[in-house]
Number of protein chains: 2
Amino acid sequence: MRMSEGVEWALHCCLTLGWLGSDRTVPTAKLAATFELPPAYLNKHLQALTRAGVLASSPGARGGFRLARPAEKITLLDVVTAIEGRDGAFRCTEIRRRGAGAGRDPQEFARQCVITTGIRRAEMAWRRELAAQTLADMMARAPAAAVERTRHWYAKG
Amino acid sequence: MRMSEGVEWALHCCLTLGWLGSDRTVPTAKLAATFELPPAYLNKHLQALTRAGVLASSPGARGGFRLARPAEKITLLDVVTAIEGRDGAFRCTEIRRRGAGAGRDPQEFARQCVITTGIRRAEMAWRRELAAQTLADMMARAPAAAVERTRHWYAKG
DNA sequence: GAATAAGTACTCGGATATAAATTGTCCGAGTTAGGCAGG
DNA sequence: CCTGCCTAACTCGGACAATTTATATCCGAGTACTTATTC
């Protein structure tokens with residue numbers, strides 16, 4: 001149950017874009033160079049963020065990506081689900097209906113099985129915690145030196 | 001970020017073993033037949049549960065698996081980590097140190113990055129919720145009819 | 001100098017290739033219970 | 001009736017194969033900015 005590496009990439013990129021402000025657009029190549037990531041693959045993730053409405057993209061020369069809305073309104077959950085998809089980690093395959101459960105009254109399975117209920121409860125706690133943290137929170141918590149260096153890195157290019 | 005199907009298998013097996021009582025041992029083949037699962041692969045998961053101390057196994061004829069301790073003392077987290085491993089879903093690869101971050105004062109990276117902190121917080125909420133639910137809770141919550149049918153299924157074999 | 005055309009830089013989306021994790025199978029070795037033969 | 005051996009049933013552990021997912025690359029099409037050209 002490993003989370004895609006793309007989540008880390010996406011969050012770092014969002015943080016960077018937040019620091020630069022939404023009036024500036026940054027092309028994929030520049031973001032990829034910032035973290036030494038494969039440009040084409042990073043682009044795929046940025047596109048996913050764009051489809052999810054987290055980022056906005058401008059085509060053409062001097063185009064690139066920027067945050068689609070204020071950092072206060074972007075949660076960690078928004079970014080994670082954009083990359084990982086909407087589905088939860090656990091998928092119930094209803095094995096209780098097979099084998100010993102075959103041929104039983106369908107009404108016996110009307111309620112979801114207790115296992116699914118239990119795991120879903122944990123997943124909801126996870127989502128709730130992710131939704132409670134915004135990009136703005138992250139930006140505020142980061143050391144000032146890192147922000148300064150990042151802005152400087154983007155100033156020259 | 002999909003959770004292994006083995007978690008569902010493991011939990012259903014633990015539930016079954018709990019209903020049958022820890023004085024009785026059940027071989028892999030019987031458990032596999034109960035849910036129509038591939039016996040050899042299920043066995044691999046049962047072994048993982050045994051290594052984790054959730055199940056106990058007896059070799060030899062009339063051998064098999066049983067719960068290693070009372071259901072009250074087995075949490076969902078115990079089972080999930082036995083199958084999925086001890087590591088969390090998110091792994092920080094420290095991309096902040098690469099590219100723009102290369103050559104900076106190492107002390108600047110002394111604290112873990114805000115992204116890791118944020119995601120870890122959510123993972124801890126997830127683990128806390130899993131640890132709060134025991135096998136005994138699941139057993140109590142399941143419909144009595146299902147328990148009865150399971151016992152009957154195992155009575156004849 | 002303004003309008004227009006060509007060129008350049010960039011994103012978008014899909015097709016495709018490669019690496020890795022998951023899922024599933026197989027087999028040999030070790031262990032125990034129960035049956036069987038010999039005394 | 002007792003003892004020792006044999007066999008069947010089972011786990012254990014590792015090697016291996018198949019399948020799916022994650023990672024990564026490439027290219028054509030479309031879009032916007034810039035420059036060059038024309039009037």
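The sequence lines fix the lettering, A, B, ..., with proteins before strands; numbering per chain opens at 1. What you are looking at is a predicted structure, and each value in this text was computed from that prediction instead of being measured.
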Which pair of heavy atoms, one from B:Arg98 and one from B:Thr93, lies closest together, and at what distance? NH1-O, 4.0 Å
Just how far, in rounded Å, is P of D:dC10 from CG of B:Leu31? 12 Å
Between D:dC10 atom P and B:Arg24 atom CZ, what is the distance in whole Å? 11 Å
Should the side chain of A:Lys44 and the base of C:dG13 be counted as holding a donor-acceptor pair, with the cut-off at 3.5 Å? no
Within this structure, what is the CG-to-P distance between A:Leu55 and C:dT11, rounded to whole angstrom? 12 Å
Figure out the CD/P separation between B:Glu84 and C:dT23, and round it to whole Å. 8 Å
Over how many whole Å does the gap from A:Gln47 atom CD to D:dT25 atom C1' extend? 14 Å
Using a heavy-atom cut-off of 4.0 Å across all strands, would you classify A:Met1 as base, sugar-phosphate, or nothing? sugar-phosphate
Phosphate oxygens OP1/OP2 of D:dT25: is one of them under 4.0 Å from a side-chain N or O of A:Tyr41? no
Could you check whether B:Gly64 gets within reach of a base, just the sugar-phosphate, or nothing at all, counting any heavy atom under 4.0 Å? sugar-phosphate
Rounded to whole angstrom units, what separation is found between the CG atom of B:Leu42 and the P atom of C:dT22? 18 Å
Please find the pair of heavy atoms, one from A:Leu42 and one from A:Thr28, that lie closest to each other, and give the distance. CD2-O, 4.2 Å
Once you round it to whole Å, what is the distance between P of C:dT11 and CG of A:Leu49? 14 Å
Go through the structure and list residues passing salt bridge (charged side-chain N to carboxylate O under 4.0 Å, His left out) with B:Glu72, not counting sequence neighbours. none
Are any of the side-chain nitrogens in A:Arg127 or A:Glu129 under 4.0 Å away from the carboxylate oxygens of its partner? no
Nearest-angstrom distance from the residue atom CD1 of A:Ile83 to C1' of D:dA22: 13 Å
